[in-house]
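Comments concern the structure below.
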Amino acid sequence: MAWVNEELSRRFGEIATLLKISGADRFRVRAYERAADAILAAPVDLGEIERAALSDVKGIGESTAKKIVEYLDTGTIGMLEELRGEVPAGVVELTRIPGLGPKTAVLVHSQLGVDSIAGLQEAMDDGRVAQLKGLGAKTVENLRESLRRMGAKDTDRVPAADAIALAEEICARLRIRDDIQQVTYAGSLRRMRETIGDIDVLVASDADPVPIHEAFRALDLVESVIAAGEKKSSVITVRGIQADLRVVEPVAWGAALQYFTGSKAHNVRVRERAVRRGLLLNEYGIFHRDEEGQAGERIASETEADVYAAVDLAYVPPAMREDTGEVDRAADGTLPRVVEIADLVGDLHGHSDWSGDGKATLADMVAAAAAKGYAYWAVTDHALPLLPMNGISAAQLRERREAIRALQDDHEMAILDASELNIGFDGEVDYDLDVLLELDWTVASVHTGLEKGEAVQTARILHAIENPGVNAIGHLTGRKIGKRPGYEVDLAAILEACRETGTALEVNASPRRLDLSGEMVRRAVEAGVTLTISCDAHSVGDLDSMRYGVWTAQRGWATPADVLNTRGVDDLRAFVAAKRERLL
DNA sequence: GCCGTTTTCGGCCCGACTGTTTTCAGTCG
């Protein structure tokens, strides 16, 4: 049976949305939103566990547990079906327009009978919307702009890979000002979510913030201004990505950074702890409350660690701030020490121009990897015959081996004689076993037949895992963020096979891939599977991507012990040898 | 609807900005 959590989470999220439009109590709405989050974050398949244990999951109470059981038994949730009957689908669609929330959606529906975006356009054109109480000409103009923008792109989120350079450019433009002490980007980009909705830039300045905001809004990267206040500016950049600026005093830097990094759900958790302690937490610091509950004396604000400590929490790395249990673990001192970039001593997936798609020579790639201070770097050029365009034959592989030997004399770093194998339709890989056993390391990946279904993909990958000459599975789902979704796999079965055989799973650090995803990393860690974090570099510049893989691994709570390339070259060779001994 | 250093009921995070208001509701993050 397939993992049921995602579908369940979607349904509870839909209940929350429909309840909100129906005007339900906001705390009840939030309870359903939290249930949806809790279900998505659960590290176990809710379809598989004891039903009595469902309400043990934080955020799932008696009522939610009942609905989960109902879904498992019947495939539907009665309450959701009823709500769908009450709220027209078109009204839900209206709330997808930025600036138009549930209140306005209900207003235009009840007063004007509008139940679609097309209907809204019409009602705006003939002036009926502007006549409604609380709405006016300016609101209509803003809604038109939102709709125009929505029509121009197919999604409101962009791959983080597309936003990173722009965010760094904005920061660099501001950093040159001498009235600015600190500047960084925060938000979902700092948490390394794989797609982002906007870029959040934070500035610390002890000067007048107004000129800083003016300068930000006047950047030539800015296409239009959405909001222009004294403390906050919002703009649309030339690439269509929204960017927000907040300017705070240097003393509030830590509190503002914590606040502005999010996630929203994480911040709510932390602020709830503050409330229970009679404190107030906002973007300016953590404060005692006076008799009226207003902010009194400031307790902490200068660093994020100070803020967490003030509510008795260990520091939480940004990538873990998603309200998936990290606050409770930070409270009782059991938050895992997640892997950091400094823990990595090697990179186990990279290409030279021996591969058809490699952009740099073996010598250049090796030199660049050595400059990172690595103990080892695996050159995993593509293989033949399964990848005709880019692969190399067994004979070329042996030729390359001579080149590696020659280079090795110049480097302390071990150059691992390795290969990225292709997983064929039946799970076979390119080289014969005797050729595989001559190699130091192999990673096997799917490059063809991406359109095939879950059963086929799972079977071919499981077969590759059983091969004693395969040491890791590369980019497990084949996704390209923002371009194509990954194919489906039975992750539970693959994790089990990896653990049984001593095969690693790769966290591909290319910002276009991030494959495994953070969620899948979490499940792999739970299952006790060994991970690798590798750049899959095709150029010298790609070797800088390691941080994205590390942050993705952090999102899945991976510790140094979970990651093979935190270990020295002897341990790495032992890992390879252990699988061969087990299966041969 | 969920939950507990406020523990089985009474609370539930916090602030900025806009537009339409004349004191604030709606939206967003």
Side-chain angles (χ1 to χ4, degrees), chain A residues 12 15-16 19-20 23-38 55-67 79 94-108 130-143 145-146 156 186-188 191 196-200 202 209 213 225-235 242-248 252 255-256 258-287 289 293-295 311-312 323 327-328 331:
Chain A
F12 280 96
I15 290 175
L19 278 177
K20 194 188 289 178
D25 176 71
R26 64 196 167 103
F27 298 113
R28 196 164 156 240
V29 171
R30 206 172 84 188
Y32 277 102
E33 286 171 346
R34 284 194 162 176
D37 290 344
S55 52
D56 293 346
V57 179
K58 244 189 175 178
I60 298 179
E62 200 182 330
S63 159
T64 304
K66 240 177 171 169
K67 292 184 180 70
M79 179 195 185
L94 291 178
T95 64
R96 286 178 39 240
I97 304 169
L100 196 159
K103 291 285 198 291
T104 311
V106 168
L107 184 71
V108 296
Q131 284 166 12
L132 290 174
K133 188 172 164 60
L135 302 181
K138 184 66 175 139
T139 299
V140 169
E141 191 185 311
N142 288 346
L143 289 176
E145 177 61 18
S146 284
D156 54 350
S188 49
R191 300 199 311 278
I196 62 126
D198 59 14
I199 294 171
D200 300 305
L202 179 65
H213 280 286
V225 176
I226 299 174
E230 285 189 11
K231 298 179 172 175
K232 178 181 168 181
S233 293
S234 292
V235 302
Q242 182 175 330
D244 296 343
L245 174 72
R246 288 293 293 264
V247 181
V248 299
Q258 198 279 331
Y259 157 81
F260 219 16
T261 297
S263 67
K264 187 181 166 184
H266 171 87
N267 286 355
V268 168
R269 289 280 179 213
V270 177
R271 283 186 213 143
E272 282 172 351
R273 287 181 67 83
V275 169
R276 283 201 294 279
R277 284 165 174 69
L279 304 172
L280 169 74
L281 174 58
N282 59 29
E283 58 264 56
Y284 305 111
I286 184 153
F287 303 85
R289 286 182 195 265
Q294 301 302 306
V311 287
D312 304 314
D323 188 30
V327 175
D328 287 340

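No hydrogens, no waters, no symmetry mates; every other heavy atom, side chains included, goes into these values. Per chain, numbering begins at 1; letters A, B, ... match sequence-line order. Because the structure is a prediction, the values reported are computed rather than measured.
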Please determine whether a side-chain nitrogen or oxygen atom of A:Arg289 lies at a distance below 4.0 Å from atom OP1 or OP2 of B:dC14.
yes
Does B:dC28 have OP1 or OP2 sitting under 4.0 Å from an N or O in the side chain of A:Ser234?
no
What's [X] touching, base or sugar-phosphate or nothing? Going by heavy atoms closer than 4.0 Å.
X	result
A:Arg191	nothing
A:Tyr32	sugar-phosphate
A:Gly59	sugar-phosphate
A:Ser263	nothing

Atom [atom1], compared across [N] and [M]: separation rounded to whole Å:
N	M	atom1	result
B:dG11	B:dT18	C1'	31 Å
B:dT22	B:dG29	C1'	28 Å
B:dT7	B:dG15	P	26 Å
B:dT21	B:dT27	P	15 Å
B:dC9	B:dC14	P	26 Å
B:dG26	B:dT20	C1'	11 Å

For a 4.5 angstrom cut-off between non-hydrogen side-chain atoms, does [X] reach [Y]?
X	Y	answer
A:Ile286	A:Leu280	no
A:Val248	A:Glu283	no
A:Val140	A:Leu135	no

Want to settle it: does A:Asp244 or A:Ala31 sit nearer the 5' end of DNA chain B, counting the closest nucleotide to each?
A:Ala31
Rounded to whole Å, how long is the line connecting atom [atom1] of [X] with atom [atom2] of [N]?
X	N	atom1	atom2	value
A:Lys66	B:dC2	NZ	P	11 Å
A:Glu62	B:dT8	CD	P	17 Å
A:Glu272	B:dT5	CD	C1'	15 Å
A:Arg28	B:dG1	CZ	C1'	7 Å
A:Lys264	B:dT27	NZ	C1'	10 Å
A:Asp323	B:dG29	CG	C1'	15 Å
A:Leu245	B:dG29	CG	P	16 Å
A:Arg273	B:dC12	CZ	P	17 Å

Please test A:Gln242 against A:Ile199 for side-chain contact (heavy atoms from CB on, under 4.5 Å), starting from the C-alpha separation and ending with a verdict.
CA-CA 6 Å; A:Gln242 182 175 330; A:Ile199 294 171; over 6 Å; no
Could you identify which residues of residues 274-282 of chain A place a heavy atom less than 4.0 Å from some atom of DNA chain B, listed by residue number, or say none?
A:Val275, A:Arg276, A:Leu280, A:Leu281, A:Asn282
Could you please name the partner base of B:dT8, counting Watson-Crick and G-U wobble pairs only when both distances are under 3.5 Å?
none
Please say which of A:Arg26, A:Lys264, A:Arg28, A:Lys20 ends up in a salt bridge (Lys or Arg N to Asp or Glu O under 4.0 Å) with A:Glu33.
A:Lys20
Expected output: side-chain [X] to main-chain [Y] donor-acceptor under 3.5 Å:
X	Y	result
A:Ser263	A:His266	yes
A:Ser146	A:Pro98	yes
A:Asp200	A:Asp244	no
A:Arg191	A:Thr261	yes

Scan nucleotides 16-20 of chain B against the protein and return all N/O pairs shorter than 3.5 Å with their distances rounded to 0.1 Å.
from: B:dA16; atom 1: OP1; to: A:Lys231; atom 2: NZ; distance (Å): 3.2
from: B:dA16; atom 1: OP1; to: A:Tyr284; atom 2: OH; distance (Å): 2.9
from: B:dC17; atom 1: OP1; to: A:Glu230; atom 2: N; distance (Å): 3.2
from: B:dC17; atom 1: OP1; to: A:Lys231; atom 2: N; distance (Å): 2.9
from: B:dC17; atom 1: OP1; to: A:Lys232; atom 2: N; distance (Å): 2.8
from: B:dT18; atom 1: OP1; to: A:Ala228; atom 2: N; distance (Å): 2.7
from: B:dG19; atom 1: OP1; to: A:Asn142; atom 2: ND2; distance (Å): 3.1
from: B:dG19; atom 1: O3'; to: A:Thr139; atom 2: OG1; distance (Å): 2.9
from: B:dT20; atom 1: OP1; to: A:Gly136; atom 2: N; distance (Å): 2.6
from: B:dT20; atom 1: OP1; to: A:Gly136; atom 2: O; distance (Å): 3.1
from: B:dT20; atom 1: OP1; to: A:Ala137; atom 2: N; distance (Å): 3.3
from: B:dT20; atom 1: OP1; to: A:Thr139; atom 2: N; distance (Å): 3.4
from: B:dT20; atom 1: OP1; to: A:Thr139; atom 2: OG1; distance (Å): 3.2

salt_bridge(A:Asp328, A:Arg269) N-O dist < 4.0 Å
no
Salt-bridge test for A:Arg30 and A:Glu272: reply yes if a basic N is under 4.0 Å from a carboxylate O, no otherwise.
yes
Closest heavy-atom pair, A:His213 versus A:Val247, reported as atoms and distance to 0.1 Å, is NE2-CG2, 3.5 Å
Kindly give the atom pairs (protein nitrogen or oxygen, nucleotide nitrogen or oxygen) under 3.5 Å for nucleotides 23-26 of chain B.
from: B:dG26; atom 1: O3'; to: A:Thr104; atom 2: OG1; distance (Å): 3.4

Does the side chain of A:Tyr32 come under 3.5 Å of the side chain of A:Lys67 through a donor N or O and an acceptor N or O?
yes
